[in-house]
Amino acid sequence: MNNGFLKGRTAIVTGGASGIGRATGLRLAREGANICILSLNRDRIQLLPGELKYFASSEDLTEARRAIEATGVRCIALEGDVSAPADVSRLISAAIESFGRIDILVNNAATSCQQDVNGHDDATFLRILMVNVFGPYLCAKAALPHMIAGGWGRIVSIASTSAHVGATGHAAYTASKHGLLGFNRCLALEVAALNITANTISPGIVETPSSALYMRKWAEKAGDPYEVMREQWLNNYPQKRFITPDEIANVVCFLCREESRGINAEDILVTTGAMW
């Protein structure tokens, strides 16, 4: 039996089948929370021009659920798109039907692309905004009534250092993460008196499949081998390493503690001291 400090709580983690989302689901589960993860199946999505994203498989989703349940909690794993209202409604309904409550929402699902503004594909730009901003809005809006009814809630959205700096070919993603910070700030102020907090975490480069895709694209654009590009980027990080998914999961977990209730409307950078 799991007797962590989140025992009896329910956490929703979007993009929970791989990377940061999988690590976060496991971390919260180890503290006793029942988990509901949502992930968009790679077989049901067609990449748009310039889109750079590792989409999990059905097998990834099943494996993540099994790993979470191995900690001694219950887990439901759904396929779906956070930018689709019907899928978000199904997610919330499944969490309530299975666990009777929603206490924690981790907005982790995201996508990215690499295209210059001149000639940018409109559908790709819109997809980035829909998944990275509209998705967290939909999830928060749907989860909030249940947090308010329970008298307690934690909303954590995974942003990016791109919310603070710009990069060529990165306008859509950067705009979306700027938007996520602005949305979170307003949300946090609206729920502050309801024993609910809302914060964002802005990681630098995290060791995930999507980050590897991104670095390979940059290497290709520069005409450099992937290993050379990776070493160059590592040298920009004071600790000479990238962030691990577990490190982000640990920050999410900390924000769910009672001791962190005074942390609200904040953006926490996890970068080893790097600027991006």
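For Arg74 and Phe99, the positive end is not near the middle of the six-membered ring at less than 6.0 Å and at most 45° from its axis.
We find the SG-CD1 distance between Cys36 and Ile104 to be 12.5 Å, quoted to the nearest 0.5 Å. Put simply, CD on Glu79 and OG1 on Thr62 are 8.0 Å apart, with the number rounded to the nearest 0.5 Å. Separation of atoms CG (Asn199) and CG (Leu181) is listed at 10.5 Å; rounding is to 0.5 Å. The distance from atom NZ of Lys53 to atom CZ of Arg42, rounded to the nearest 0.5 Å, is 11.5 Å. In this structure, the separation between CG on Asp267 and CD1 on Ile201 is 9.0 Å, given to the nearest 0.5 Å. How far CG of Leu144 is from CG of Leu105: 8.5 Å, rounded to the nearest 0.5 Å.
Residues Leu180 and Pro136 have side chains in contact (heavy-atom distance under 4.5 Å, counting atoms from C-beta outward). Contact annotation: the side chain of Ile45 never approaches that of Glu51 to less than 4.5 Å [non-hydrogen atoms, C-beta and beyond]. Contact annotation: the side chain of Phe55 never approaches that of Arg44 to less than 4.5 Å [non-hydrogen atoms, C-beta and beyond]. With contacts defined as side-chain heavy-atom distances shorter than 4.5 Å, the pair Arg261/Trp152 does not qualify. Within the 4.5 Å cutoff, the side chain of Ile12 has no heavy atoms near those of the Cys139 side chain. Counting only heavy atoms from C-beta outward, the side chains of Ile248 and Ile243 approach each other to under 4.5 Å. Inter-residue side-chain proximity for Lys177 and Asn132 is flagged as met; some heavy-atom pair is nearer than 4.5 Å. The shortest side-chain heavy-atom distance between Thr197 and Arg154 falls under the 4.5 Å cut-off.
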Steps toward salt bridge (charged side-chain N to carboxylate O under 4.0 Å, His left out) verdict (Glu31, Arg9): CA-CA 9 Å; Glu31 295 298 341; Arg9 301 286 190 192; over 6 Å; no
Evaluate Leu61 against Asn41 for side chain to side chain contact (heavy atoms under 4.5 Å, CB included), listing each step before the verdict. CA-CA 8 Å; Leu61 187 61; Asn41 189 328; over 6 Å; no
Side chain to side chain contact (heavy atoms under 4.5 Å, CB included), that's the test. Do Trp218 and Gln114 meet it? Break it down for me. CA-CA 9 Å; Trp218 272 100; Gln114 189 179 84; 2.9 Å; yes
Show the numbers, then the answer: is there a side chain to side chain contact (heavy atoms under 4.5 Å, CB included) between Asp246 and Arg27? CA-CA 8 Å; Asp246 286 342; Arg27 184 68 184 87; over 6 Å; no
Could you please spell out the steps behind the side chain to side chain contact (heavy atoms under 4.5 Å, CB included) verdict for Val131 and Leu40? CA-CA 11 Å; Val131 173; Leu40 188 55; over 6 Å; no
Apply the test salt bridge (charged side-chain N to carboxylate O under 4.0 Å, His left out) to residues Glu220 and Arg216: give CA-CA distance (whole Å), side-chain angles for both, the deciding distance (0.1 Å), then the verdict. CA-CA 6 Å; Glu220 177 186 319; Arg216 289 187 185 281; over 6 Å; no
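Hydrophobic clustering, with ILVMFWY side chains joined whenever heavy atoms are under 4.5 angstrom apart, keeps Met130 apart from Phe125. Transitive grouping of hydrophobic side chains (ILVMFWY, heavy atoms separated by less than 4.5 Å) brings Val106 and Val73 into a common cluster. Hydrophobic cluster membership is shared by Met215 and Met275, with clusters built from Ile, Leu, Val, Met, Phe, Trp and Tyr side chains linked at under 4.5 angstrom. Val206 and Leu234 are assigned to two separate hydrophobic clusters, defined by single-linkage of ILVMFWY side chains at heavy-atom distances under 4.5 Å. Both Ile20 and Leu26 sit in one connected hydrophobic cluster of ILVMFWY residues. Membership requires side-chain heavy atoms under 4.5 Å apart, directly or through other members.
Ring-plane geometry between Tyr237 and Phe242 is classed as perpendicular, the angle between the planes exceeding 60 degrees on a 0 to 90 degree scale with a lower cut at 30. Ring geometry for Tyr173 versus His170: interplanar angle of 30 to 60°, hence tilted.
A distance-only check finds a donor-acceptor pair linking the side chain of Asn235 to the backbone of Glu231 [under 3.5 Å]. A donor-acceptor pair under 3.5 Å is absent between the side-chain atoms of Arg66 and the main chain of Glu63, judged by distance alone. No donor-acceptor pair under 3.5 Å is formed between the side chain of Asp224 and the backbone N or O of Ala219. Side-chain atoms of Ser93 come within 3.5 Å of backbone atoms of Ser89 as a donor-acceptor pair (strictly under, hydrogens ignored). Side chain of Asp121 to main chain of Ala123: a donor-acceptor pair is present (N/O by atom type, distance under 3.5 Å, no hydrogens or angles). A donor-acceptor pair under 3.5 Å is formed between the side chain of Ser260 and the backbone N or O of Leu255. The backbone N or O of Asp81 lies less than 3.5 Å from a partner atom in the side chain of Asp87, making a donor-acceptor pair. Checking side-chain atoms of Ser160 against main-chain N and O of Ala163 turns up no donor-acceptor pair under 3.5 Å. A donor-acceptor pair is defined here as one N or O able to donate and one able to accept, closer than 3.5 Å; such a pair exists between the side chain of Asn108 and the backbone of Gly15. Formation of a donor-acceptor pair under 3.5 Å by the Thr111 side chain with backbone atoms of Ile128 is not found in this model.
The minimum heavy-atom distance linking Arg65 with Ala77 is given by the pair CB-CB, 4.0 Å. Between Ala140 and Ile155, the shortest heavy-atom distance links the atoms CB-CD1, 4.4 Å. Closest non-hydrogen pair, Ala172 versus Leu129, comes out as O-CD2, 4.2 Å. Residues Asp103 and Thr10 share a closest heavy-atom pair of OD2-N, 2.8 Å. Taking each heavy atom of Gly151 and Asn195 in turn, the nearest pair found is O-ND2, 2.8 Å. Among all heavy-atom pairs drawn from Pro245 and Thr208, the shortest one is CG-CG2, 4.1 Å.
Within 6.0 Å of atom CD in Glu258, more than 12 heavy atoms from other residues, nucleotides or ligands are found, so the atom counts as buried in its surroundings. Other residues, nucleotides and ligands contribute at most 12 non-hydrogen atoms within 6.0 Å of the NZ atom of Lys141. Around the CZ atom of Arg185, the shell of radius 6.0 Å holds no more than 12 heavy atoms that belong to other residues, nucleotides or ligands.
Screening Thr161, Ile158, Thr271 for a side-chain contact (heavy atoms from CB on, under 4.5 Å) involving Pro203 leaves a single residue, Ile158.
Ionic pairing of Glu207 and Arg241 is not present here: no N-O contact between side-chain nitrogen and carboxylate oxygen is shorter than 4.0 angstrom.
Using a 3.5 Å distance cut-off with no hydrogens or angles, the side chains of Ser157 and Asn107 do pair a donor with an acceptor.
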